[in-house]
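Just so you know, these numbers come straight off a predicted model, no measurement behind them. Lettering of chains follows the sequences in order, A, B, ..., and the numbering in each one begins at 1.
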Amino acid sequence: MPELPEVEVVRRGLADWAAGRTVTRIDVYHPRAVRRHVAGPVDFARRQTGLRLEPPRRRGKYLWLPLARPDSAEPPADALLAHLGMSGQLLLRSAGEPDEKHLRVRYVFDDDGPELRFADQRTFGHLMVAPLAPAVVGSEPVPEPIAHIAADPMEDAFDVDAFHAALRRRRTELKRALLDQSLISGVGNIYADEALWRARMHGGRLTANLTRPETGRLVAAIRGVMALALDQGGTSFDSLYVNVNGESGYFDRSLEAYGRRDEPCRRCGTPIRRVTFMNRSSYFCPVCQPVPRSRRPRGAHQADAW
DNA sequence: ACTCCCCCCTGTTAGC
DNA sequence: TGCTAACAGGGGGGAG
């Protein structure tokens with residue numbers, strides 16, 4: 001469930017409580033948590049021990065903390081790169097507090113401050129140490145493994161015209177495109193449905209047919225819903241998504257489409273529909289977000305996802 | 001080159 | 001009541 005707003009909440013917590021601290025020990029309890037660090041858990045720990053965590057950055061759903069040598073002014077070559085996946089949590093806990101049931105990695109620092117713990121029930125999240133790509137003039141260095149990810153809609157670097165052009169080049173459906181992190185990053189299943197509802201557009205629309213005003217409306221809807229969610233600490237349906245202090249956000253109360261099957265659309269009263277799409281749920285208002293002509297069933301017998 | 005789908009996980013809940 | 005199956009879903013990687 002962590003999408004851009006939830007990851008940003010975590011990033012802000014790390015900025016307050018982890019940045020500037022020097023790592024003295026790292027324990028990896030589950031190798032799957034560092035599976036993308038191909039050199040393995042021992043190397044993962046060795047390459048951070050003695051280094052200082054610099055202020056966290058974020059692109060889309062990824063966040064990273066550059067790793068600096070405490071005795072050197074050289075810009076960091078590597079960063080601790082994190083993705084929370086479905087259920088990953090980065091928590092700051094005093095050493096005396098009991099371990100989380102799904103604790104995967106523990107960081108201990110050279111001060112008396114709290115440990116940084118990575119807990120992850122479903123183990124879709126991961127941590128790795130990754131080289132930072134050389135800084136290009138006017139842009140920040142980004143870890144190499146995420147160089148293929150597009151800018152997210154909250155970044156200055158996000159270019160709506162370029163996004164529109166990329167959508168027009170694609171031969172796919174709009175919701176698929178929104179979930180494709182190489183076109184726009186940070187959008188997941190929940191905010192895709194929320195943004196489409198706000199923009200009054202159907203996720204089955206073909207991206208090749210979008211007009212420039214429609215793309216503009218959609219990007220404005222994504223930014224709007226994400227800004228609102230960030231104000232409310234993100235979306236949590238249960239205790240799986242929490243900030244670095246273990247607290248849940250409450251944007252779930254403000255959802256207009258996601259999870260509202262058969263409940264009235266708050267614009268027009270029509271029951272919200274739920275359909276299965278890409279092996280996940282999609283929620284939309286069939287009146288405010290009309291099913292595109294190309295997707296309407298041509299016969300009563302025809303099964304149609306939308 | 002582009003598009004699409006499966007699968008990796010575990011805890012909760014719905015259904016029989 | 002107890003079991004099974006569905007569901008939640010990000011994204012890598014392979015198939016087509």
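Taking atom CZ of Arg280(A) as the reference point, atom P of dA6(C) lies 17 Å away to the nearest angstrom. The interatomic distance linking Asp152(A) (CG) with dG11(C) (P) rounds to 12 Å, in whole Å. Spacing between atom CD of Gln121(A) and atom P of dG10(C) amounts to 15 Å, rounded to whole angstrom units. Rounded to whole Å, the distance from CD on Glu6(A) to P on dG10(C) is 10 Å. Following rounding to the nearest Å, Asn189(A) (CG) and dC7(C) (P) show an atom-to-atom distance of 14 Å. Note: CG (Leu127(A)) to P (dG11(C)) measures 15 Å, nearest angstrom. In this structure, CG of Leu84(A) is placed 12 Å from P of dG10(C), rounded to the nearest angstrom.
When only modelled atom types and interatomic distance are considered, Arg52(A) and Thr22(A) share no side-chain donor-acceptor pair under 3.5 Å. For the 3.5 Å distance criterion, the side chains of Gln289(A) and Tyr283(A) fail to qualify, holding no donor opposite an acceptor. Side chains of Glu115(A) and Ser94(A): no donor on one and acceptor on the other come within 3.5 Å. Donor-acceptor pairing under 3.5 Å is lacking for the side chains of Thr207(A) and Arg170(A). Looking at Lys175(A) and Ser282(A), their side chains do bring a donor and an acceptor atom within 3.5 Å of each other.
One finds a salt bridge joining Glu155(A) and Arg59(A) here, because a Lys/Arg side-chain nitrogen approaches an Asp/Glu carboxylate oxygen to under 4.0 Å. Using a 4.0 Å cut-off between a side-chain N of Lys or Arg and a carboxylate O of Asp or Glu, Asp120(A) and Arg122(A) do not qualify as a salt bridge. Under 4.0 Å is where a charged nitrogen must lie from a carboxylate oxygen, and between Arg47(A) and Asp78(A) at least one such pair does. Taking the charged nitrogens against the carboxylate oxygens, Lys61(A) and Glu3(A) have no contact shorter than 4.0 Å, which rules out a salt bridge. Ionic pairing of Arg266(A) and Glu256(A) is present here: one or more N-O contacts between side-chain nitrogen and carboxylate oxygen are shorter than 4.0 angstrom.
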Distances under 3.5 Å only, N/O to N/O: pair up the protein atoms with those of nucleotides 12-16 of chain C.
residue: dG12(C); atom: OP1; partner: Tyr62(A); partner atom: OH; Å: 3.0

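Near DNA chain B, meaning a heavy atom under 4.0 Å from it, residues 165-172 of chain A has Arg170(A), Arg171(A), Thr172(A) in order of number.
In this structure, the helix from dC2(B)-dG16(C) to dC16(B)-dG2(C) shows an angle of 60° between the axis at its start and the axis at its end, each fitted on 5 base pairs and rounded to 10°.
With centroids closer than 5.5 Å and planes inclined by less than 30 degrees as the test, Phe124(A) and the base of dG10(C) pass as a stacked pair.
Phosphate proximity of dA8(C) to Arg274(A): present, with a side-chain N or O under 4.0 Å from OP1 or OP2.
Mapping Arg32(A) and His102(A) onto DNA chain B by nearest heavy atom places Arg32(A) closer to the 5' end of the strand.
In the hydrophobic clustering, where aliphatic and aromatic side chains (Ile, Leu, Val, Met, Phe, Trp, Tyr) are joined below 4.5 Å either directly or transitively, Tyr62(A) groups with Trp64(A), Leu81(A), Met128(A), Leu132(A), Val142(A), Ile146(A), Ile149(A).
Not one N or O on the side chain of Glu54(A) forms a donor-acceptor pair closer than 3.5 Å with the backbone of Pro76(A).
The list of ring pair (Phe, Tyr, Trp, His ring centres under 6.0 Å) pairs with a residue in residues 139-180 of chain A, not counting sequence neighbours, reads Phe158(A)-Phe163(A).
Bracketed by its first and final contacts, the part of DNA chain B lying under 4.0 Å from non-hydrogen atoms of chain A reaches from dT3(B) to dG11(B) in 5' to 3' order.
Taking all atoms of both residues into account, the shortest heavy-atom contact from Asp99(A) to Arg117(A) is CA-NH1, 3.8 Å.
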